[in-house]
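We name chains A, B, ... by the order of the sequence lines, and we start the count at 1 in each one.
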Amino acid sequence: MPELPEVETVARGLQKTVMGRKILSVALGKTDFIDDPGALERHLPGRRIDAVERYGKFMMLRLSAAEISGAVNSTVEPEAASLLVHLGMTGNLASRRADEAHEKHTHVWMALDDGRELRYTDPRRFGRIAYLAGEAIARELQRFGADPLLVGEEEFVARIKARRSRIKALLLDQSVLRGVGNIYADESLWRAKIHPARTSASLTPAQLLKLRRVLQEILRKAISLRGSTIADFQDGQGEPGEYQKHHRAYGREGHKCYRCGAIVRRTIVAGRSSYYCPACQHAPRDCRPLPLPRAARGVKAKASKPRTGRWKIARNR
DNA sequence: CTCGATCCCTGGACGC
DNA sequence: TGCGTCCAGGGATCGA
């Protein structure tokens with residue numbers, strides 16, 4: 001699932017391939033995940049993609065003011081505008097040759113001035129696309145919390161301590177930190193030896209500082225490895241990330257803890273599967289692991305495949 | 001404020 | 001093998 005490192009990877013790819021390109025036209029497939037499909041058709045053609053930025057799990061395509069060539073298009077307002085793209089669970093945004101067959105579940109085609117198309121694909125359509133202009137951009141972004149890579153020690157502790165939820169729920173809450181999802185929440189909690197069901201109030205400042213530090217280390221490492229690619233699916237030409245090889249908790253139910261050898265267990269916290277080492281990460285009394293599935297039990301349990309969605313980082317050529 | 005439940009959606013895993 | 005069921009999960013939303 002695209003979290004901060006995966007979105008960063010996609011955004012960096014797009015910086016190389018579509019930045020500076022002009023959008024010539026827009027075609028749409030299914031649009032139930034798009035805020036205002038008509039706005040895309042009305043406002044994107046004629047604009048140039050000036051920048052591709054990441055904001056939490058969103059990508060922001062900064063768009064030019066649109067008077068690039070030829071006739072003035074009166075339907076295009078001159079104010080700052082952005083295309084916000086959230087990949088949800090299975091979304092991808094990539095540049096393809098216009099004559100290249102499109103993947104199944106492609107829902108947006110943006111023809112560019114270099115003969116290529118910027119295409120959005122998303123089988124489950126849990127993603128989101130929104131065209132935002134003017135003050136709507138700032139209004140949209142103010143809902144989100146700190147960037148976990150930039151947040152300082154004081155702010156991190158303050159944001160966590162301001163709430164009394166379980167730590168996993170807080171890590172996943174985009175209004176606390178923007179960009180952390182299920183994988184990197186579990187990975188950082190394992191590394192910090194904190195059980196996901198612990199409440200923020202029960203954690204010491206030292207534990208929170210440790211959590212912040214390992215979270216940043218993990219995110220940086222994951223970005224350097226182009227994110228995590230879980231269980232490849234369909235279509236050949238992706239360039240998968242490598243960070244899944246470094247997972248220490250996520251998807252490892254039934255395997256031995258890399259640190260102590262205990263069996264990694266799974267439980268549900270904040271409505272999400274949460275993987276942890278019962279020996280390293282002391283559980284609150286009210287939190288029990290789920291029974292191990294048959295595939296993950298037994299002596300030589302050939303570890304179950306990670307229970308997870310799957311997606312692939314497509315190469316942005 | 002915080003929780004859990006429900007829904008959205010598709011396809012892969014699994015059980016019989 | 002084939003079919004039905006369960007499940008993954010980010011986020012919105014609603015009720016407790």
Side-chain angles (χ1 to χ4, degrees), chain A residues 1-7 10 29-35 54-59 84-93 103-107 120-130 140-141 143-145 148 159-187 196-202 227-235 244 247 249-254 266-275 284 286-288 290-297 301-312:
Chain A
M1 47 300 321
E3 303 179 26
L4 188 155
E6 292 77 29
V7 178
V10 175
K30 292 185 178 175
T31 59
D32 55 355
F33 63 98
I34 301 175
D35 280 25
R54 179 190 57 76
Y55 195 89
K57 297 177 195 172
F58 279 92
M59 276 180 290
L84 236 65
V85 179
H86 194 297
L87 301 175
M89 285 293 301
T90 53
N92 194 25
L93 187 64
E103 288 179 46
K104 203 177 172 187
H105 306 298
T106 300
H107 304 301
Y120 181 80
T121 61
D122 189 352
R124 292 181 212 179
R125 307 206 299 285
F126 274 19
R128 179 186 166 204
I129 295 182
E140 179 71 29
L141 298 186
R143 311 187 286 123
F144 296 99
R159 283 180 170 275
I160 298 295
K161 286 292 189 183
R163 302 268 301 271
R164 277 185 301 280
S165 304
R166 298 172 180 210
I167 187 64
K168 170 94 179 242
L170 294 176
L171 289 175
L172 294 178
D173 188 330
Q174 301 299 295
S175 72
V176 177
L177 293 174
R178 56 181 197 259
V180 180
N182 209 35
I183 293 175
Y184 297 100
D186 278 6
E187 290 301 309
R198 293 281 296 278
T199 62
S200 61
S202 77
S228 301
T229 300
I230 309 285
D232 264 359
F233 84 107
Q234 63 179 37
D235 164 278
Q244 67 281 2
H247 290 176
Y250 184 80
R252 299 199 66 249
E253 182 181 27
R266 183 175 71 98
T267 188
I268 302 293
V269 179
R272 298 288 172 241
S273 272
S274 301
Y275 301 88
D286 62 344
C287 185
R288 309 228 51 83
L290 294 166
L292 289 171
R294 190 158 39 145
R297 272 197 308 260
K302 189 185 135 187
S304 55
K305 294 188 122 176
R307 329 160 53 89
T308 163
R310 62 297 296 173
W311 83 299
K312 156 183 286 280

Next on the checklist: Counting distance alone, no hydrogens or angles: does the base of C:dG10 have a donor or acceptor under 3.5 Å from a partner atom on the side chain of A:R124?
Outcome noted: no

Counting only side-chain N and O atoms of [X], is one of them less than 4.0 Å from OP1 or OP2 of [N]?
X: A:S273; N: C:dG9; value: yes
X: A:Y250; N: C:dG9; value: yes
X: A:R143; N: C:dA12; value: yes
X: A:S165; N: B:dC1; value: no
X: A:R163; N: B:dT2; value: yes
X: A:K30; N: B:dT10; value: yes

Item to check | Reported CD-to-NE2 distance for the pair A:Q174 and A:H86, which is rounded to 0.5 angstrom | outcome: 6.5 Å

Item to check | Nearest-0.5 Å distance that lies between atom CZ in A:R178 and atom CZ in A:R143 | outcome: 12.5 Å

Distance check needed: [N] [atom2] versus [X] [atom1], whole Å only.
X: A:L172; N: C:dA12; atom1: CG; atom2: C1'; value: 15 Å
X: A:D173; N: B:dC3; atom1: CG; atom2: C1'; value: 13 Å
X: A:R272; N: C:dA12; atom1: CZ; atom2: C1'; value: 11 Å
X: A:D122; N: B:dT10; atom1: CG; atom2: C1'; value: 10 Å
X: A:H105; N: B:dC9; atom1: NE2; atom2: P; value: 13 Å
X: A:D186; N: C:dA8; atom1: CG; atom2: P; value: 13 Å
X: A:R164; N: B:dT2; atom1: CZ; atom2: P; value: 6 Å
X: A:N92; N: B:dG11; atom1: CG; atom2: C1'; value: 17 Å

Item to check | Touch class at under 4.0 angstrom, heavy-atom based, for A:R128 against every strand present | outcome: nothing

Next on the checklist: The side chain of A:N182 is closest to which nucleotide in this list: B:dT2, B:dT10, C:dG9?
Outcome noted: C:dG9

Checklist entry - Where the side chain of A:K57 is defined as all heavy atoms beyond and including C-beta, which of C:dG11, B:dT10, B:dT2 is the nearest nucleotide? => result C:dG11

Checklist entry - Checking ring pair (Phe, Tyr, Trp, His ring centres under 6.0 Å) for the pair A:F33/A:H107: CA distance, chi angles, key distance, verdict? => result CA-CA 10 Å; A:F33 63 98; A:H107 304 301; 5.7 Å; yes

Item to check | N-O pairing of A:D186 and A:R266 below 4.0 Å | outcome: no

Next on the checklist: Using a strict threshold of under 4.0 Å (side-chain N to carboxylate O), is an ion pair present between A:E140 and A:R128?
Outcome noted: yes

Checklist outcome for this item: By side-chain contact (heavy atoms from CB on, under 4.5 Å), A:R163 pairs with (sequence neighbours left out) A:S165, A:L170, A:D173, A:S175, A:V176

Next on the checklist: Let me check the geometry of the helix from B:dT2-C:dA16 to B:dC16-C:dG2. What is the bend angle between the axes at its two ends, five pairs each, to 10°?
Outcome noted: 50°

Next on the checklist: The criterion is salt bridge (Lys or Arg N to Asp or Glu O under 4.0 Å); which residues satisfy it with A:R272, sequence neighbours excluded?
Outcome noted: none

Checklist entry - So, do A:F126 and C:dG11 meet the stacking rule of ring centres under 5.5 Å and planes under 30°? => result no

